[in-house]
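Quick caveat, the model's predicted, so the values are computed rather than measured. Counting begins at 1 with the first residue of the sequence.
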Amino acid sequence: MSDQAAEIRRLLELLADGASGERLAEVAVTARARGEAGAELGPATELALRIRRTLVGHRRREAELTALFDTASDLARQRDPDAVLRSIVRRSRLLLGVDVSYLSLNDEAAGTTYMRVTDGSVSALFQDLKLGMGEGLGGLVAQTARPYATPDYFRDERFAHTRTIDTAVRDEGLTAILGVPLAIGSEVIGVLYASNRAAREFSPEEVALLSSLADHAAIALDNARLLDETRRALAGLNAANETISAHNEAMHHAENAHDQLMDLVLRGGDVPEVAAAVASVLHGGIALYDADGHELAHTGRVPLAPSEEDVAASRRTGRAVRTARPGPSNSDTWVCAVRAGQDLLGSLVLTGRAELADADRRLFERAAVVAALLLMRRRSVASAEDEVRGELLTDLLTAPGRNPDALIARGHRLGVDLGAPQAVLVAHAERVPRRRLAMAAARYGGLVGVHAEEVVLLAGADAVDELAATVAAELGTAVDCPVTVGAAGPVTGPAALAEAHAEAAKCVRALLALGRAGEGASMAGLGFVGQLLGDRADLAGYLRATLGPVLDYDARRGTALVDTLRAYFSCGANLTRAKDVLHVHVNTVVQRLDRIGSLLGADWQEPERALELQLAIKLHRLQR
């Protein structure tokens with residue numbers, strides 16, 4: 001084998017072993033020094049060097065592609081964007097063979113740029129660097145959205161130098177810097193850097209490689225942003241779903257409670273049952289009041305009747321309101337107006353609930369709607385019953401003899417026994433609607449209605465005077481106005497009831513004429529006035545009630561105390577004239593009058609009592 005062939009073989013072996021360019025060049029130099037065919041080896045050596053450069057370029061390109069694929073794989077696997085960014089910065093440093101690589105991000109809100117990730121940095125000042133937007137090489141990259149490289153940072157005047165940046169770069173010892181933009185669409189969000197502590201020119205291939213890594217970094221950041229937005233949206237959806245679920249559950253609970261209450265009303269449940277049901281679902285005390293503030297039913301703690309201001313506030317807004325009354329006992333009290341349209345029917349009061357969630361508030365307001373339905377039903381039933389009772393009362397008092405048996409039968413259907421003894425009461429009140437007075441009087445049972453512009457009440461009772469006084473007092477409190485009540489009876493049968501009604505009405509007029517408005521009495525209870533005005537005067541009874549003790553004394557002792565009284569009154573209560581009429585000594589007259597006082601009571605000479613005694617004496621004389 002010739003020497004030239006041997007040297008060419010030597011070049012190929014070195015090329016296969018991956019020898020450096022210097023080793024390849026040494027083959028030609030050595031051959032020339034030995035006087036061999038060095039000149040002929042020159043082209044071969046040059047070709048070998050070209051092949052080596054091509055192989056090195058392919059290897060570098062292969063390493064770059066591998067790094068890019070690894071980065072893409074990291075993006076696919078990593079859930080932590082910071083880990084991906086650290087990997088990209090580290091690969092940038094290794095692939096470009098630089099001393100330091102780093103990545104900065106823009107903070108648009110603060111108007112600054114800050115270091116996010118560094119690799120190879122030894123300066124704490126550099127790692128914590130913050131600079132204004134548009135400053136330094138990175139500012140130039142961000143403004144133009146193009147890569148920039150400088151072989152000597154401090155000698156380059158293409159970008160704005162600042163003391164802060166220059167101090168940090170000098171502290172890190174950097175000279176050559178390459179920066180490429182991190183962009184999402186057209187928006188530059190940061191810069192990826194590769195830097196060297198010695199002067200260096202960055203090739204276009206290196207710029208392209210760093211730009212590719214920057215694109216991956218931008219993708220990582222955009223994915224992190226989208227993932228964060230997705231997580232926040234998912235959290236918001238979960239929260240919204242929980243809210244909707246809670247709302248649906250509350251609505252379902254409210255609907256079930258409302259259906260239960262409605263079913264209770266439709267099955268004929270009355271006010272106490274509905275109040276108890278509402279208290280059970282709201283876990284508090286419930287009280288229902290009518291439009292005048294009178295309690296209809298309650299369960300649990302009995303609250304004060306709601307103020308007009310609280311009811312008006314709820315009526316105006318259509319919502320439940322916390323009571324405005326001061327005091328610790330009212331801090332857990334809620335009021336809701338019960339209304340039908342604009343017609344106020346009453347109010348519903350809830351106690352024992354310091355706070356009321358929206359669901360419970362709506363349930364309380366629905367309960368007020370149910371209460372309105374209940375009160376409207378009661379009003380309708382009461383109106384129908386009042387109409388029937390009113391017709392019976394009118395027929396009873398205007399035509400009692402037309403068909404008494406039919407009247408008694410109609411009374412039985414209404415729960416009133418007209419064949420049993422009944423007291424008849426007539427109630428009168430100024431400035432109070434008759435219908436309201438009749439509704440208040442309905443509590444006494446029996447037959448109640450309006451006849452001849454007055455409220456008439458039939459009730460089974462023996463002590464009619466006591467009943468009249470009680471009814472007058474209680475009705476006066478109920479309607480907040482004096483109520484005058486006249487009574488008659490007890491009597492049995494339609495005809496007698498009609499007569500008793502006329503007497504009770506006359507008694508009312510007598511009470512008003514006597515200035516006794518707001519009181520209750522019968523004709524007998526009015527004394528001699530009742531005897532004068534009454535159609536069924538019991539003269540013997542009146543005489544016995546007024547003068548009985550004196551008459552009995554005279555009958556037992558044979559005395560003349562009644563004659564002494566008559567002479568005393570006829571003489572104008574003059575003792576001297578009375579002893580002349582009686583033909584006795586004045587001391588005898590005094591002794592007799594003392595005896596009379598002991599029999600009739602110390603007030604027998606009071607004007608009203610004296611007038612009754614004089615009337616009784618005249619009746620006694622007429623009977624004799």
Side-chain angles (χ1 to χ4, degrees), residues 423 461-470 472 485-491 499-500 503-504 506-516 519-624:
D462 294 326
V464 291
D465 282 286
E466 294 179 6
L467 176 62
T470 300
V485 177
V491 295
E499 294 176 1
E503 181 175 333
K506 188 180 294 184
C507 183
V508 169
R509 293 194 293 273
L511 286 169
L512 296 174
L514 293 171
R516 295 172 60 180
E519 298 183 21
S522 66
M523 281 298 189
L526 292 179
F528 75 92
V529 176
Q531 297 299 326
L532 293 175
L533 299 177
D535 295 330
R536 297 181 294 114
D538 182 7
L539 298 181
Y542 174 73
L543 184 62
R544 170 58 54 186
T546 307
L547 206 57
V550 178
L551 293 174
D552 292 342
Y553 191 88
D554 281 347
R556 290 194 307 270
R557 301 294 182 90
T559 54
L561 295 183
V562 174
D563 292 337
T564 302
L565 266 178
R566 183 174 60 252
Y568 177 71
F569 285 128
S570 64
C571 292
N574 187 299
L575 293 175
T576 302
R577 291 173 55 193
K579 62 99 175 173
D580 292 338
V581 171
L582 294 171
H583 305 289
V584 296
H585 194 273
V586 68
N587 290 339
T588 302
V589 177
V590 172
Q591 291 173 0
R592 291 179 180 179
L593 294 178
D594 288 341
R595 175 59 62 184
I596 290 170
S598 65
L599 294 172
L600 298 180
D603 63 340
W604 70 273
Q605 296 191 69
E606 295 294 328
E608 186 172 347
R609 183 77 184 279
L611 183 58
E612 290 189 358
L613 287 172
Q614 292 178 62
L615 178 60
I617 290 170
K618 290 182 181 297
L619 291 174
H620 176 64
R621 187 174 183 183
L622 289 174
Q623 287 182 346
R624 291 175 59 188

Task: Sub-4.5 Å side-chain heavy-atom contact between Leu582 and Thr588 - done: no
Task: Side chain Asp603, main chain Glu606, donor-acceptor under 3.5 Å - done: no
Open item on the list: To the nearest 0.5 Å, what is the distance between CG on Asn574 and NZ on Lys579?
Closed with: 10.0 Å
Task: Distance, nearest 0.5 Å, that separates CG of Leu599 from CG of Leu551 - done: 10.5 Å
TODO: Please examine the side chains of Val584 and Thr564, heavy atoms only from C-beta on, and report whether any two atoms are closer than 4.5 Å.
DONE: no
Task: Pairwise distance CG(Leu600) to CG(Leu565) - rounded to 0.5 angstrom - done: 6.5 Å
Open item on the list: I'd like to know if Arg566 pairs up with Asp563 as an ion pair, taking the criterion as any Lys NZ or Arg NE/NH1/NH2 lying under 4.0 Å from an Asp or Glu carboxylate oxygen.
Closed with: yes
Task: Closest non-hydrogen atom pair, Ala488 against Val464 - done: O-CG1, 4.3 Å
TODO: For the residue pair Val581 and Ser570, establish whether any side-chain heavy-atom pair is separated by less than 4.5 Å.
DONE: no
Task: Heavy-atom pair with the smallest gap, counting every atom of Cys507 and Ser522 - done: SG-C, 3.6 Å
Task: Note, Tyr568 side chain near Leu575 side chain (heavy atom, < 4.5 Å) - done: yes
Open item on the list: Tell me the closest heavy-atom pair linking Gly520 and Ala472, and the distance in Å.
Closed with: N-CB, 3.8 Å
TODO: List in chain and number order the residues that pass side-chain hydrogen bond (donor to acceptor under 3.5 Å, both in side chains) with Arg557, two or more places apart in sequence or in another chain; answer none if no residue qualifies.
DONE: Tyr553
TODO: Check Ala468 against Ala487 and note the closest heavy-atom contact, atom names and distance.
DONE: CB-CB, 3.8 Å
Task: Contact check, side chains of Arg595 and Thr559, non-hydrogen atoms, under 4.5 Å - done: no
Task: Flag side-chain contact, heavy atom, 4.5 Å: Leu593 against Ile596 - done: yes
Task: Glu466 atom CD, over 12 foreign heavy atoms within 6.0 Å - done: no
